[in-house]
Amino acid sequence: MNEIVTLISAALLVIGSLFALVASVGLVRLPDLYTRMHAASKAGTMGACLMLIALAIHAADFGTMSRALAGVVFFLLTAPVSSHLLAKASYAVGYRLHSSSVMDDMAPKDQAK
Amino acid sequence: MSADIILDYAVTLALATLCLAFFVTIYRIIKGPTLPDRILGLDMLVAIAIGFIAVIGIKTGFTLYVDVAIALGLVGFLATVAFARFVLSRGKTEDDLLSEAREAAAAARREAKAASRAENRERQHSTRSGQ
């Protein structure tokens with residue numbers, strides 16, 4: 001039983017770090033701010049949360065586990081809020097979408113195609 | 001192969017992968033053409049640092065690291081929100097700032113040229129009157 005828990009936490013660690021790597025590669029490869037945000041705020045949050053869950057199931061005592069899960073919930077709650085705020089602010093200021101974008105739902109009605 | 005050895009390998013692999021992710025994100029922060037790109041990179045760096053803290057917490061067995069991770073998440077959230085407010089209150093993109101600077105430079109150049117032309121004219125006038 002103990003070995004299974006250790007193996008699960010090892011697997012979660014590797015998967016979480018791979019998610020973080022994929023998020024950062026997306027941060028470099030994608031063309032504009034909004035697509036980069038799509039990579040960073042989903043895959044990045046997923047990676048950090050998976051690694052915190054690995055810590056939670058690796059820890060034996062209840063206190064550490066509950067705090068790690070509270071950290072996961074907190075991170076899951078705050079990451080969408082902050083990236084939504086950043087996206088909204090930069091769209092309002094006038095950072096444009098990349099030219100290969102096919103749809104802009106927030107464009108004014110007369111300019112929408 | 002016992003589970004602890006596999007966990008050791010997993011910890012090493014996770015640390016190496018996180019290191020790579022960290023440097024790739026730093027490349028975007030340095031290169032990032034606009035301010036929001038850099039803020040996004042900062043957000044990503046906080047997520048990677050939380051991952052680092054979780055891995056180190058498993059490796060060393062210190063449970064205090066969980067509190068550090070929660071505090072770091074709070075700081076990262078507040079920093080991103082504050083930067084987003086800053087982007088909103090600045091109200092200009094990098095292109096706006098660049099074109100403004102170009103216009104200011106062109107205006108300054110025009111003014112300097114006009115001033116030097118006026119000076120030349122004055123000098124010619126004074127030499128002519130001196131003769």
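A note on names: the letters A, B, ... follow the listed sequences, proteins ahead of strands, and every chain is numbered from 1. All values derive from a computational prediction rather than experimental measurement.
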For A/Ala92 versus B/Leu88, what's the shortest heavy-atom pair and its separation? CB-CD1, 3.9 Å
Heavy-atom nearest pair, B/Leu40 first then A/Ala40, reads CG-CB, 4.1 Å
To the nearest 0.5 Å, what is the distance between [atom1] ([X]) and [atom2] ([Y])?
| X | Y | atom1 | atom2 | result |
| --- | --- | --- | --- | --- |
| B/Arg85 | A/Leu86 | CZ | CG | 12.5 Å |
| B/Asp67 | A/Arg67 | CG | CZ | 4.0 Å |
| B/Ile39 | A/Ser83 | CD1 | OG | 12.0 Å |
| B/Leu13 | A/Leu13 | CG | CG | 9.5 Å |

Which atoms of B/Asp43 are under 4.5 Å from chain A, going by heavy atoms: the side chain, the backbone, both sets, or neither? side chain
Chain A interface, residue from [options] that has the most non-hydrogen pairs under 4.5 Å:
| options | value |
| --- | --- |
| B/Ala47, B/Gly51, B/Ala49, B/Pro36 | B/Pro36 |
| B/Thr80, B/Val81, B/Leu45, B/Asp37 | B/Asp37 |
| B/Asp4, B/Leu7, B/Leu64, B/Ile70 | B/Leu7 |

Side-chain heavy atoms under 4.5 angstrom apart, residues restricted to Ile, Leu, Val, Met, Phe, Trp, Tyr: same cluster for [X] and [Y]?
| X | Y | value |
| --- | --- | --- |
| A/Val28 | A/Leu18 | no |
| A/Phe74 | B/Ile48 | no |
| A/Phe19 | A/Val73 | no |
| B/Ile53 | B/Ile56 | yes |
| B/Val46 | B/Val87 | yes |

Tell me whether A/Arg96 at atom CZ has more than 12 heavy atoms from other residues, nucleotides or ligands lying less than 6.0 Å away. yes
A quick test of your reading: do over 12 heavy atoms of other residues, nucleotides or ligands sit less than 6.0 Å from CG of B/Asn120? yes
Contact leader toward chain B among [options], where contacts are heavy-atom pairs under 4.5 Å:
| options | value |
| --- | --- |
| A/Leu85, A/Leu33, A/Leu50 | A/Leu33 |
| A/Leu27, A/Thr64, A/Val14 | A/Leu27 |
| A/Asp61, A/Asp32, A/Leu52, A/Val72 | A/Leu52 |

Residues from residues 3-10 of chain A approaching chain B under 4.5 Å (heavy atoms): A/Glu3, A/Thr6, A/Leu7, A/Ser9, A/Ala10
Less than 4.5 Å to any heavy atom of chain B: does that hold for the side chain of A/Ile53, its backbone, both, or neither? neither
Interface moiety of A/Tyr95 toward chain B, non-hydrogen atoms closer than 4.5 Å: both
At under 4.5 Å between heavy atoms, what parts of [range] are in contact with chain A? List them by residue number.
| range | value |
| --- | --- |
| residues 89-103 of chain B | B/Arg90, B/Gly91, B/Lys92, B/Thr93, B/Glu94 |
| residues 72-79 of chain B | B/Gly73, B/Leu74, B/Phe77 |
| residues 16-29 of chain B | B/Thr17, B/Leu18, B/Leu20, B/Ala21, B/Val24, B/Thr25, B/Tyr27, B/Arg28 |

Taking C-beta and beyond as the side chain, do B/Ile50 and A/Met51 meet within less than 4.5 Å on heavy atoms? no
